Amino acid sequence: MRKYWVLQRKSFSFLIDKKTTVSIIALTFAAVAAMLISIGVGDMYIAPWDVFNALIGTGLDINQLIITEFRLPRVLVAFIAGASLALSGAILQGIIRNPLASPDMIGITGGAGFAAVAFLTMFSDDSNNLLLSINYLPLFAFGGATIVAFLIYALAWKDGVTPIRLILIGIGLMALLQALTTLMMLMGPIYRASQATIWLTGTVYGTSWNEVKALLPWFIGLIPILVLLVRRLNIQGFGDDLTKGAGISVHRERFLLLMVCTALAGSAVAFAGAMGFVGLIGPHIARRISGSSFGGLFPASALIGGIMVVLADLAGRTLFSPLEVPAGVFTAAIGAPYFIYLLFKNQ
Amino acid sequence: MNGILYGNKTKTAGLIIGIMIALIIMVMSVVLGYTNTSLKQAIEAYTAFNGSNEHLIIQLSRVPRSLVGMAVGISLGIAGVLMQALTRNPIASPDIFGVNAGAGFFIVFGVTFLGISSIQQFMWIGFLGAAVAAGLAYALGSAGQGGLTPVKLTLAGAVMAALFASLTQGMLVTNEKALDEVLFWLAGSVEGRKLSMLAAVLPALVIAWVISILLSRQLNAFALGEDVAISLGQKTVVFKLAAALMVIILAGGSVAIAGPISFIGIVVPHFARYLVGNDHRWIVPYSAIIGGIMLVVADIGARYIIMPEEAPVGVVTALIGTPFFIYIVRKGIFQK
């Protein structure tokens, strides 16, 4: 029995690894299970089977209301945001060719964070009222991420952009953005500062169908682009010279990939805050499950990232109830030590 | 590489001029600010104290702050030199490598969960945090294929910085009161520090300054490469541990008193090398003076940028430091 299925057309070709395919199917089941459990657990417990019934429209009315109005959108946003962040990290690790890279490390998330905090402080008056609708916040966050990505790219440009320069410039800008974010928080009223801290930590508290509707198109729109870029990203892994040899314009590809990475991270951060470590760890775990070919890595990363945030949100809602802990606390607190463990184990 | 100052006499003269500039800057730091005072008032505050507002501000706020700024600047400057020499990495520094963030996290943790409040406790837990973060970054940077490389170490350091920053953030979210108290300190500030706080940390810092200067000959040998250093009879393991310990004391102590202040550690050694070349016997003292001057100047600037309120000095050092950092990176320090 061969190890791969081959899928070939004129403009693209895929080798589909059988083992990877099986693990991705397993991950999909795990993701669905995590979401069903998360939808069921809360102030009012609803069993997974009742959740399923409610979702297909045959459950009790009260369950239906709680689930479709409150819990489902929240879980969906958590999943999509986690999946986007992990995908974004997987792309970045591919561009930089280093498994330590992630959008939070090079300031893309930091740019979103700064813009969001600036929005919260600049547009609120002395009595803590926002002068502009809170609905504009994602727009600002997204803009911040994009501007920083362009800035990193422009500053790293010197007869082309090398991965190392890209990340070093990113790290430098990140430090600056953190300082500026703190400055903004100090300039605003303290209530805004605590609100900003929660946002910077990452939370999906209070999301509704509006957020789902705003976030989903980004995610769905970017997937086909990724599918087309997969093979080229695999080639980029061999180094600049070989990529050029394969007839690929390295810099154009790199720019395009960086933009996709920014769009994914930016949209996720815009709706779920600066959820830490998902972009770093998601692809890491995925690589252990599916190998390092991006064809398997992307779906696996997305699923793991999604599961991570869904579970982090679940933990945040329930563990310290009635206190609501932002999901980002858990992604960082659990993700970071796990990441260190992974690296030591690989040594 | 030769610096722009040649010869030992010129370099000594430069050092003396540097110390004089440092003193002048410190006096300016005492006099300038939202409440402008005069040199005469500054002297009178100590010779003929009359309890006036100006005299109180000078004694309780300006003078301590000027001294704290100088001590922290000197420490961060030296810590930066040691780290850059140890790792042969021109952007090594306590902030980029997560050492400051580690100390910061441990201190916030101590404040939130262990109820620590004295500067001594801050200092010790700061040392611990600095050591943990430095150790983790080093271990992480040397994990995997190819061992320790400058790029991997930088990334590992950035991971540590991000890790501790987000953990700190997480703690602050659950404790709004702590946020109010800790926010300003977290951005890096020398405002509102008492002389007693400096006095608690200063002995440790001064010892570390002296030992660092004594280590500077060894730094020269080490800079030639580890093999060369060994063949010159250097016990490199002992040397590396000693230098790392100094970094931890300098960075941990600085964070305890002023919070994690960024970019001084990166930028200052480059200025020093530009002035005196590659001899660490000169780079270390020059970095100390330049670090002190830079931090005190940044602190004076911090009083003016969002007047009448004050910005944390860490914001100002980041504003000055980032363009310079980008310049260093663009100059092509890493071959690949």
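Everything numeric in this text was worked out from a predicted model, so none of it was measured. Reminder, nothing fancy here: chain letters follow the sequence lines and each chain counts from 1. Computed from heavy atoms alone, side chains included, the values below leave out hydrogens, waters and symmetry copies.
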Report the option among L176(A), V325(A), T182(A) that has the most heavy-atom pairs separated by less than 4.5 Å from atoms of chain B.
L176(A)
In terms of heavy-atom pairs under 4.5 Å with chain A, which of G314(B), A162(B), A158(B) leads?
A158(B)
Just checking Y153(A): does its OH atom have more than 12 heavy atoms from other residues, nucleotides or ligands closer to it than 6.0 angstrom?
yes
Which atom names give the shortest non-hydrogen contact between M105(A) and V159(B), and what distance separates them?
SD-CA, 3.7 Å
Taking all heavy atoms of L183(A) and all of A311(B), pick out the closest pair and write down the distance.
CD1-CB, 3.7 Å
Tightest non-hydrogen contact, residues G172(A) and F263(B), listed as O-CZ, 3.9 Å
Part of I167(A) within contact of chain B (heavy atom distance under 4.5 Å):
side chain
Taken to the nearest 0.5 Å, the spacing of I328(B) CD1 from L168(A) CG works out to 10.5 Å
Between G276(A), G110(A), A332(A), which has the largest tally of heavy atom pairs under 4.5 Å with chain B?
A332(A)
Spell out, as yes or no, whether a donor-acceptor pair under 3.5 Å connects the side chain of R330(B) to the backbone of W157(A).
yes
Using heavy-atom distances under 4.5 Å, tell me whether L163(B) contacts chain A through its side chain, its backbone, both, or neither.
both
Which atoms of Q178(A) come close to chain B, meaning under 4.5 Å heavy atom to heavy atom: side chain ones, backbone ones, both, or neither?
side chain
Distance, nearest 0.5 Å, that separates NZ of K331(B) from NZ of K158(A):
9.5 Å
Quick check for you: among T201(A), V329(A), I198(A), which has the greatest number of heavy-atom pairs under 4.5 Å with chain B?
T201(A)
So L173(A) and I326(B), do their side chains get closer than 4.5 Å, heavy atoms only?
yes
Would you say CZ of F324(B) has more than 12 non-hydrogen atoms from neighbouring residues, nucleotides or ligands within 6.0 angstrom?
yes
Gap between atom OH of Y327(B) and atom CG of L155(A) - 0.5 Å precision:
15.0 Å
Side chain, backbone, both or neither: which part of L319(B) has a heavy atom under 4.5 Å from chain A?
both
Under 4.5 Å heavy-atom distance to chain B, tell me which part of L280(A) shows up: side chain, backbone, both or neither.
side chain
Tell me, for A156(A) versus chain B, whether the close heavy atoms (under 4.5 Å) come from the side chain, the backbone, both or neither.
backbone
Toward chain A, the part of T322(B) with a non-hydrogen atom under 4.5 Å
side chain
Per-residue contact mode, A161(B) against chain A (heavy atom under 4.5 angstrom)
neither
